[in-house]
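Reading through the C-alpha cells given below for one structure.
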2 protein chains.
Amino acid sequence: MEKSDHVRAADTSLRILQLIAFSDVPLGVTQIAAQVGTAKGAVHKHLRTLGDHGMVAQDPVTSLYSLGPKIWLMAQKAPPGRTLAELALPLMRVTRDELGLAVVLSVPTARSAYVLATLSSNQPIEIGVRPGGELSLHSSAQGKVFLAFGDPSLPESLAPPLERFTPKTQTDVGSVRAELEQIRRQGYATAPEESLLGINALAAPIFDSRGQIAGAIGLIGSVQHLGSQPSDTQLDGLLRLTAAISRRLDEGSGGVSKPSPAP
Amino acid sequence: MEKSDHVRAADTSLRILQLIAFSDVPLGVTQIAAQVGTAKGAVHKHLRTLGDHGMVAQDPVTSLYSLGPKIWLMAQKAPPGRTLAELALPLMRVTRDELGLAVVLSVPTARSAYVLATLSSNQPIEIGVRPGGELSLHSSAQGKVFLAFGDPSLPESLAPPLERFTPKTQTDVGSVRAELEQIRRQGYATAPEESLLGINALAAPIFDSRGQIAGAIGLIGSVQHLGSQPSDTQLDGLLRLTAAISRRLDEGSGGVSKPSPAP
DNA sequence: AACGACGTTCCCGACTAGGGAACACGGAGG
DNA sequence: CCTCCGTGTTCCCTAGTCGGGAACGTCGTT
C-alpha cells in the first residue's frame, strides 16, 4: 500500500489535466491516452468532464485540447504562489547573474519542497530542476530548510524508510533531525551530493509578514562551483536575496499582523 | 440524457476543487461535504487525491484545506485569459467610470460565454455577474456576439430546446440565427430582458492579432440606464473600449498581419 | 477509391467510489 | 478532571460506474 487511499478516476483526470497544462501545444485524445496509459474511450470521458468544468477547452476546428479559462480564474484566488513568485523572480534574476548559479524558488508541502520557478545558471552546462518538480524533504537543501524553519509538525512526520538517492543521502531520521538544529543556528542549509552525485545545493528560508515560512530559495551547482562549504560570496548573495524577498513580502501585506475574518 | 457521459468521481473532485478555489477562507472536510452533497469519508479521499497532485494543500495546524501551488503554476501556462484579462482590466475601469455601467469581460466556450472578470457599476444598486459564471449563448448579449463573430461551428451547435429564462427570451433557433446577421453588420449585440426581466446588456467583440475572436465586453444595466436602443455615448464608449483592447492584443503579439474583419 | 488516423460512441464485466458508522483527537464547559 | 460535542480520519460492503476493447463516422492522405 504505497499509495493508500485514492480516488482512481479523479487521479487519472488530474493526470490528464497536468499533461495538458504542461504541454506547450494542444494535445489530442490519442496522445493523451498513450501518455497516461488509459483507453482512448475513457480519456475522452475524462476530457468531457474536465471541459464541463471549464478546466480544459477543445478547439472547435482542430478538436485538440488545451487549458480552459477556469484555471486562470482559480489562480487569481491562489495567493500562496502568486505574489511570492512575482515578487521573487526579478530579484532572483539579479542573484543568478551575480553568482552564475541556478536559482530555484520553492514552497513547502506536506511531503516535499514544491518548485514554483527556476532560473537556469548561465554556465555552458545547465543544471536545474523543472517547475512543478518536488524535492524530497530529507535529501535536498530546500527540504531541510522547510524542516528546520517550517511547521513543527513537519519533522515529526519524517518516518523511515527515508529514500536513498545517492550513497551520501542521509537515511537516518535521527541524524537528519540533529542537523536541523545546526541549520537553524546558521540560517541556511546545504545538501552536498545527497540528491545527486556531483551536485550540491545551498538554500535559505523566506519569511512572510507574520514570521511564518513562505518559501525557500535554493542555489544549485556542481560541486566544482558550489563546494560543501559555500564561499562567502555565495552565502552573502543568497542571504541578501532571501532577506530582500522577505522584506518585500512584508511591505505588500499591510505590515502588521493579519487577523482572519469571521465567516 | 441531460448530461450524457460523465466521469462521476472526477466530477465531484472538480466540484470540490472549485469550492475551495472560490472560497475566501480555507474550508474543512465537513463544510465541503455538506456543500457538494457527498459523504465525509468520500470527500476526504478526494481531498487526499487532490493533495497528492498539489492542487490543494492542507494547513498542518488547522487541518483546513486551501488551494495548492500547482494551480498557480498551471495558470502560468494558460495564455487564454492571462494576457487578455490583464490587458483589459485597466481599460475596462476607465469605461466603467465614464458610463457608470457594470462592465464584464468574457471568453467564448463551446456552450456559453465564460465570465473572466467583472467591474460593478458605481450605481447605488449593484448589478453584475460573478467571475466564473456562464452566460447562455442565445439569451445574452455576449453570447450572441460569440455566435455572430466566433467559430462558424458555434451557431450550428445551437439546437432546440433553447432554455427560456424570461418571456422575452428568444427560444426559436431560426430567429436567433437571423439576428446574428444584423449583429455582424452593426458590430454589437443587445439582449433586452432576455436573461432577466428589467436588465439589458450591450456587448461587442474583441479580436486578437489573427483576427480571431478572443473575447467580448458586455455592459450591463437596468432598462432604465441601458435602453434597448443604446445611446450614442454608451455605444461609442463600448466600441472604443473593445477597439483599444484589440489593438493592445495586437501589439503584444508581434502584431504583423492584421486583417480587419467586417466593421 | 482505398486507406489510415483521428475523435467519438457503445457495451459489458471487474472493481472502485460512496454511504454509513465507528474511531481518534482536541478544545470547551461543567 | 471528566464529559461532551465537534472535528478529521479510517473502515467495510455493495450498488453503480469506470475502463478496456471494439466498432463507428469522418476527416486528410495516398
Side-chain angles (χ1 to χ4, degrees), chain A residues 1-17 19-20 23 25-53 56-66 110-111 151-153 156-157 159 260 262-263, chain B residues 1-17 19-20 23 25-53 56-66 68 110-111 151-153 156-157 159:
Chain A
M1 44 171 97
E2 41 189 9
K3 282 189 165 186
S4 49
D5 217 354
H6 272 240
V7 181
R8 198 169 187 280
D11 185 78
T12 48
S13 259
L14 292 174
R15 290 222 311 282
I16 291 172
L17 182 61
L19 203 65
I20 295 174
S23 161
V25 296
L27 294 176
V29 173
T30 314
Q31 311 175 50
I32 298 174
Q35 293 236 18
V36 304
T38 318
K40 272 197 304 182
V43 168
H44 181 255
K45 279 197 287 192
H46 280 274
L47 286 168
R48 174 97 60 107
T49 309
L50 287 165
D52 283 348
H53 282 266
V56 306
Q58 183 178 27
D59 187 303
V61 46
T62 66
S63 74
L64 297 178
Y65 290 88
S66 51
R111 64 175 187 284
D151 194 272
S153 68
E156 292 169 14
S157 70
S260 54
Chain B
M1 275 228 178
E2 37 189 11
K3 280 189 167 187
S4 48
D5 216 356
H6 274 247
V7 180
R8 198 168 187 280
D11 186 78
T12 48
S13 260
L14 292 174
R15 291 222 312 283
I16 291 173
L17 182 61
L19 203 64
I20 295 176
S23 162
V25 296
L27 294 176
V29 173
T30 315
Q31 308 175 51
I32 298 173
Q35 293 237 16
V36 303
T38 318
K40 271 197 304 179
V43 169
H44 181 256
K45 280 197 286 191
H46 280 274
L47 286 168
R48 174 98 61 106
T49 309
L50 288 166
D52 283 350
H53 282 267
V56 306
Q58 183 178 27
D59 188 304
V61 43
T62 66
S63 73
L64 297 177
Y65 291 86
S66 51
R111 63 173 189 284
D151 194 89
S153 68
E156 293 170 12
S157 70

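Predicted, not measured: the structure shown is a model, and the values here were computed from it. Here is the naming used below: chain letters follow the sequence lines, and residue numbers restart at 1 for every chain.
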Practice prompt. Please determine if a side-chain N or O atom of A:His44 lies less than 4.0 Å away from the OP1 or OP2 oxygen of C:dG7.
Written response: no
N/O contacts under 3.5 Å, protein versus nucleotides 17-24 of chain C?
from, atom 1, to, atom 2, distance (Å)
C:dA17, OP1, A:Arg8, N, 2.4
C:dA17, OP1, A:Ala9, N, 3.0
C:dA17, OP2, A:His6, O, 3.3
C:dA17, OP2, A:Arg8, N, 3.3
C:dG18, OP1, B:Thr12, OG1, 3.4
C:dG18, OP2, B:His46, NE2, 2.6
C:dG18, N7, B:Lys45, NZ, 3.0
C:dG19, OP2, B:Ala39, N, 2.4

Worksheet entry | Check: A:Ser66 side chain, A:Pro26 main-chain N or O, donor-acceptor pair, under 3.5 Å | no
Worksheet item: Nearest heavy-atom pair of A:Tyr65 and A:Val56: which atoms, and what distance?
Response: CD2-CG2, 4.2 Å
Worksheet item: Does B:Thr30 put a side-chain nitrogen or oxygen below 4.0 Å from OP1 or OP2 of D:dG8?
Response: yes
Worksheet entry | B:His6 side, atom NE2; A:Lys45 side, atom NZ - distance, nearest 0.5 Å | 11.5 Å
Discussion item. From C-beta outward on B:Tyr65, which listed nucleotide comes closest to its side chain: D:dT10, D:dT9, D:dG8?
Written reply: D:dT9
Worksheet entry | Bend angle of the helix from C:dA1-D:dT30 to C:dG30-D:dC1, end axes from five pairs each (to 10°) | 40°
Practice prompt. Please determine if a side-chain N or O atom of B:Arg48 lies less than 4.0 Å away from the OP1 or OP2 oxygen of D:dT9.
Written response: no
Worksheet item: A:Gln58 side chain to A:Ser63 main-chain N or O, any donor-acceptor pair under 3.5 Å?
Response: yes
Worksheet item: Would you say the side-chain atoms of A:Ser13 and A:His46 include a donor-acceptor pair closer than 3.5 Å?
Response: yes
Worksheet entry | Sugar-phosphate, base or nothing in reach of B:Gln58, heavy atoms under 4.0 Å | sugar-phosphate
Item to complete: Evaluate the criterion salt bridge (charged side-chain N to carboxylate O under 4.0 Å, His left out) for residue pair A:Asp11 and A:Arg15; output intermediate values, then yes/no.
Response: CA-CA 6 Å; A:Asp11 185 78; A:Arg15 290 222 311 282; 2.9 Å; yes
